[in-house]
Amino acid sequence: MPQVTDATEDGLPGALPAFAELVLDLVERIPPGRVMTYGDVAEYLDQGGPRQVGRVMALYGGSVPWWRVVRADGRLLPGHEQRALAHYGEEATPLRDLADPIRVDLRRARWDGR
DNA sequence: GTGCTGACACAGG
DNA sequence: ACCTGTGCCAGCA
C-alpha cells in the first residue's frame, strides 16, 4: 500500500518513535561537508531537546551519517573521532584542528536546513 | 505513577 | 584544556 504508515504508534515491530523518524530523516539529508549540532536538530524539528536527539542517534544513528551531527563546540563523538575524521576527509568538512580535540569549524560547516 | 538514564547546552570554577 | 552542577525532554524499568 502506497500509504505511509504512521510510525507514531510503535505497536508494529521495527517501527521507530515519531521523534526518531524525524531526527533520522533530517540527519540523512544533511549535505556532505556540513554538520548540525544536537541542539540545532531539536530546534529545527521544533520538538524535544538536544538530549533526545542524542538518544535517538545512540540507538538508531548506525543507519545514518551520524558524523554530521556534532556537539555545540564542534567536538566529535567521544570514541568515534577517528571514524568521523575519516568521513570528514572524504567530504572535505572544514576542521579547526587536527592535533587537539578534533573539532569541526561550525563557522563554515554549520547547516541550518537551507 | 516515580526515578534513572542519555552520542546535549550552558554557566562557573 | 578539564570537571561539575543545572535545565531540558523522551524512553524505559
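Chain naming here is simple, since letters A, B, ... match the order of the sequence lines and numbering starts at 1 in each. The figures that follow rest on heavy atoms only: side chains count, while hydrogens, waters and symmetry mates do not.
- As judged by a 4.0 angstrom heavy-atom cut-off over every strand, R75(A) is placed among residues touching the sugar-phosphate backbone only.
- In this entry the distance linking CH2 of W66(A) with P of dC8(B) reads 13 Å, nearest Å.
- For the pair I102(A) CD1 and dA1(C) C1', the computed distance is 15 Å after rounding to whole Å.
- As judged by a 4.0 angstrom heavy-atom cut-off over every strand, A72(A) is placed among residues touching the sugar-phosphate backbone only.
- Look at NE2 on H80(A): it is 10 Å from P on dC8(B), rounded to the nearest Å.
- Counting heavy-atom neighbours within 6.0 Å of E91(A) CD, excluding the residue itself, gives a total above 12.
- At a threshold of 4.0 angstrom between heavy atoms, the contacts of Y38(A) include nucleobase atoms, whether or not backbone atoms are also involved.
- Nucleotides of DNA chain C nearest to R51(A) and L59(A) differ in position, and the one nearer the 5' end is that of R51(A).
- Regarding R55(A), its CZ atom lies at a distance of 16 Å from the P atom of dA9(B), rounded to whole Å.
- The distance from atom CZ of R71(A) to atom C1' of dG6(B) is 12 Å, rounded to the nearest whole Å.
- Between F19(A) atom CZ and dC12(C) atom C1' there is a gap of 16 Å when expressed in whole angstrom units.
- When all heavy atoms of L106(A) and R71(A) are compared, the pair lying nearest together is CD1-O, 4.0 Å.
- Considering only side-chain atoms of M57(A), the nucleotide from dC8(B), dA1(C), dA7(B) that sits closest is dA7(B).
- No side-chain donor-acceptor contact under 3.5 Å links D73(A) to the backbone of R75(A).
- Counting non-hydrogen atoms of neighbouring residues, nucleotides and ligands closer than 6.0 angstrom, the CZ atom of R96(A) reaches no more than 12 such neighbours.
- Atom pair D46(A):CG and dC8(C):P shows a separation of 16 Å (rounding to whole Å applied).
- Distance CG (D73(A)) to C1' (dC2(C)): 12 Å, rounded to an integer number of Å.
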